[in-house]
Amino acid sequence: MGQTVCRVELNRGKRIFRDIDLDAMIKALQGTTLEGSTTHGKQMCFFFGGGIHLGIHLGMTGKLRAEPADRFSKFKHDHLVLHMSGDTVLVFSDPRMFGRVLFSAEKEPPEWWTDLPAEVLSKDFSFERMDAFLKRRARTAIKPVLLMQEMFPGIGNWMADEILFQSRIQPQRRAGDLKPAERKRLYAALQFVSKEALRIVAPDWGDFPDDWLFNHRWKDGGVCPQTGCTLKREPIGGRTTCWSPEWQK
DNA sequence: CTATTTGTTTATCC
DNA sequence: AGGATAAACAAATA
């Protein structure tokens, strides 16, 4: 913080820059001072002087790193590089480019930052809110419902399966058919999996407990760590879904 | 070579 | 209109 942007280096035409006027962004960033940053799920926002907002959505394979200038070398997928004063380099890399860069230099904070849905682990994410959402999506299978970012920001495919596994609910059940007790379990598992995933992965890409579905789900023939039975794998709502038929009802 | 996978957005249908 | 569903995206990996 407090450092100034000396030079902006980027790979033009990459999908992560969709809808951005790159020349305007570069011009605005050059010479401005980084005043702070916050995170929101897989998104981050950097605040620069003059009301400039630079958003980074990590998507699936997006990574941010900061390193000393003398150790920096640009890799193939380093699409956005901010050379800062103080010999630090901020790098956003994203091989698959499901991530995205957002930018605004308007007076008001941009809606892409102010209108984000409540984070799963925030206190605004109440059981009642989730419950109301499940009612509205009553006819859709619960698995794809968990992937809806407007309610569950940052929940992706494996997390959705893990949450259903831990709450013992079959992924093809319709959201509106879940009993109150099941919805309670779903809420608890959602919080637990999100919290644990962050706790375990964040520091150093740790391993998940072996009684999670995570370690067993990736290929056909996996064995359920709870029952010892073979896991099922098939697409639900267009995404590969893995579950334990004996364990999840 | 092709098929599959991943998180999220976007388009299209109902 | 708003909800349900399918397709799109890029690139590594099998």
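If you're wondering where the values come from, they're calculated on a predicted model, not measured in any experiment.
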Closest-nucleotide 5' rank along DNA chain B - winner of Arg100(A) and Gly59(A): Gly59(A)
Does [X] have a side-chain nitrogen or oxygen under 4.0 Å from the phosphate oxygens OP1 or OP2 of [N]?
| X | N | result |
| --- | --- | --- |
| Arg217(A) | dT5(B) | no |
| Lys42(A) | dT8(B) | yes |
| His77(A) | dA12(C) | yes |
| Arg15(A) | dG7(B) | no |

Roughly how many Å is it from [atom1] in [X] to [atom2] in [N], rounded to a whole number?
| X | N | atom1 | atom2 | result |
| --- | --- | --- | --- | --- |
| Lys219(A) | dT13(C) | NZ | P | 17 Å |
| Lys63(A) | dT6(B) | NZ | C1' | 13 Å |
| Glu150(A) | dT5(C) | CD | C1' | 14 Å |
| Asp94(A) | dT8(B) | CG | P | 11 Å |
| Arg136(A) | dA1(C) | CZ | P | 16 Å |
| Gln149(A) | dC9(C) | CD | C1' | 15 Å |
| Arg174(A) | dG3(C) | CZ | C1' | 13 Å |
| Leu147(A) | dG3(C) | CG | P | 17 Å |

Out of [options], which has the shortest distance to the side chain of [X]?
| X | options | result |
| --- | --- | --- |
| Arg139(A) | dA10(C), dT9(B), dA4(C) | dA4(C) |
| Arg137(A) | dT6(B), dA4(C), dA11(C) | dA4(C) |
| Met97(A) | dT6(B), dT10(B), dA11(C) | dA11(C) |
| Lys14(A) | dT6(B), dG3(C), dA11(C) | dA11(C) |
| Met148(A) | dT9(B), dC9(C), dT5(C) | dT5(C) |

Residues Arg100(A), Asp94(A): salt bridge by 4.0 Å N-O rule: no
Pairing of Asp220(A) and Lys232(A) as salt bridge, 4.0 angstrom limit: no
Students often get this wrong, so: under 4.0 angstrom with heavy atoms, is [X] touching a base, only sugar-phosphate, or nothing?
| X | answer |
| --- | --- |
| Gly154(A) | sugar-phosphate |
| Arg233(A) | sugar-phosphate |
| Lys76(A) | sugar-phosphate |
| Leu58(A) | nothing |

Trp158(A) and Phe208(A) aromatic ring geometry - parallel, tilted or perpendicular at 30°/60° bounds: tilted
Centroid-centroid under 6.0 Å between Phe72(A) and His83(A) rings: yes
Cation-pi, Phe92(A) ring and Lys63(A) (6.0 angstrom, 45 degrees): no
N/O donor-acceptor pair, side chain Arg96(A) with base dT8(B), under 3.5 angstrom: no
Base dT8(B) paired with Arg239(A) side chain (donor-acceptor, <3.5 Å): yes
Any donor-acceptor pair under 3.5 Å from Asp115(A) side chain to Trp112(A) backbone: no
Base of dT6(B) and ring of Trp158(A) stacked, centres under 5.5 Å, planes under 30°: no
